[in-house]
Amino acid sequence: MAEVLKEHPMRFTITNGITMDVEITKSDLKTVLGKNVRNNKFNAIKNALTKDIRNYLEKAEYLGWRPVAEGKHMESAYFAYYSRELGCKTFLCMRKLEDGNIFKPYAIIDEHTFNASISELRK
């Protein structure tokens with residue numbers, strides 16, 4: 001799947017919570033897959049979910065967005081968060097690119113990681 005995305009990025013629009021024009025490339029999948037936690041069960045679930053981010057977004061609950069941390073991710077305007085419970089509670093972090101309306105997947109995180117930044121979340 002990743003090799004196909006290298007030449008032909010996946011593009012679609014989601015209207016779940018907010019409207020997002022999503023683009024997924026091979027590089028985006030590598031970014032999501034590269035963010036592991038100590039829990040191997042969670043990593044296995046995250047790896048499986050990464051194969052179908054569109055389906056994840058269509059069935060997830062929109063939680064809100066948070067601003068980019070100062071001095072980090074200069075290419076991003078903000079991060080939007082979605083949640084689903086599939087074997088464990090998961091959170092998909094989508095970043096909105098600064099230079100347009102494109103959203104890209106950034107990470108699938110666990111509840112502990114999400115709770116560390118929940119105070120900055122806005123609806």
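Every value quoted in this text rests on a predicted model; they were computed, and no experiment measured them.
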Sidechain-backbone polar pair: Ser83 side chain, Thr90 backbone, donor-acceptor under 3.5 Å: yes
Indicate yes or no for a side-chain donor-acceptor contact from Asn43 to the backbone of Val37 under 3.5 Å, with no hydrogens or angles considered. yes
Could you tell me whether the side chains of Asn47 and Thr50 share a donor-acceptor contact shorter than 3.5 Å? no
Do Tyr81 and Phe91 have ring centres separated by under 6.0 Å? no
Under 3.5 Å, side chain of Lys104 to main-chain N/O of Val22, donor-acceptor pair present? no
Between Leu63 and Leu86, is there a shared hydrophobic cluster once you connect ILVMFWY residues whose side-chain heavy atoms come closer than 4.5 Å? no
To the nearest 0.5 Å, what is the distance between CZ on Arg11 and CZ on Arg54? 13.5 Å
Return the OG1 to NZ distance between Thr25 and Lys6, rounded to the nearest 0.5 Å. 11.5 Å
Find out whether the Lys NZ or Arg CZ of Arg84 is both under 6.0 angstrom from the six-membered ring centre of Tyr56 and within 45° of the ring's axis. yes
Enter the distance from Arg66:CZ to Ser119:OG here, rounded to the nearest 0.5 Å. 9.5 Å
Can you get from Leu29 to Met10 by hopping between Ile, Leu, Val, Met, Phe, Trp and Tyr side chains that sit under 4.5 Å apart? yes
Answer with yes or no whether the side chains of Asp28 and Thr31 bring together a donor and an acceptor at under 3.5 Å. no
Taking atom NZ of Lys123 as the centre, report whether more than 12 heavy atoms of other residues, nucleotides or ligands fall under 6.0 Å from it. yes
Exceeds 12 heavy-atom contacts within 6.0 angstrom, atom NE2 of His73: yes
Short N-O contact, Lys89 and Glu111, less than 4.0 angstrom: no
Over 60° means perpendicular and under 30° means parallel, so classify the ring planes of Phe79 and Tyr106, tilted if in between. tilted
Are any non-hydrogen side-chain atoms of Phe12 and Asp21 less than 4.5 angstrom apart? no
Quick check: closest heavy atoms across Leu121 and Gly64, and the distance to 0.1 Å? CD1-C, 3.8 Å
Salt bridge present between Glu75 and Arg95 (N-O < 4.0 angstrom): yes
Do Asn36 and Lys46 have side-chain heavy atoms sitting under 4.5 Å apart? yes
Indicate if Met94 and Tyr62 have the same hydrophobic cluster label, given that clusters are the connected sets of ILVMFWY residues with side-chain heavy-atom separations under 4.5 angstrom. yes
Roughly how far, to the nearest 0.5 Å, is OG1 of Thr13 from CZ of Phe103? 11.0 Å
Can you confirm whether Leu33 sits close enough to Lys35 that some side-chain heavy atom of one is under 4.5 Å from a side-chain heavy atom of the other? no
Assess whether side chain to side chain contact (heavy atoms under 4.5 Å, CB included) is satisfied between Ile53 and Tyr82, documenting all intermediate values. CA-CA 11 Å; Ile53 291 175; Tyr82 287 82; over 6 Å; no
Taking the side chain as everything from C-beta on, heavy atoms only, tell me whether Ile24 gets closer than 4.5 Å to Pro105. yes
Same cluster or not: are Val68 and Ile118 linked, directly or through other Ile, Leu, Val, Met, Phe, Trp or Tyr residues, by side-chain heavy atoms under 4.5 angstrom apart? yes
Do you reckon Tyr78 sits in the same ILVMFWY cluster as Ile14, going by side-chain contacts under 4.5 Å, direct or chained? yes
Are Lys59 and Asn16 linked by a side-chain donor-acceptor pair shorter than 3.5 Å? no
Please examine the side chains of Asp110 and Cys88, heavy atoms only from C-beta on, and report whether any two atoms are closer than 4.5 Å. no
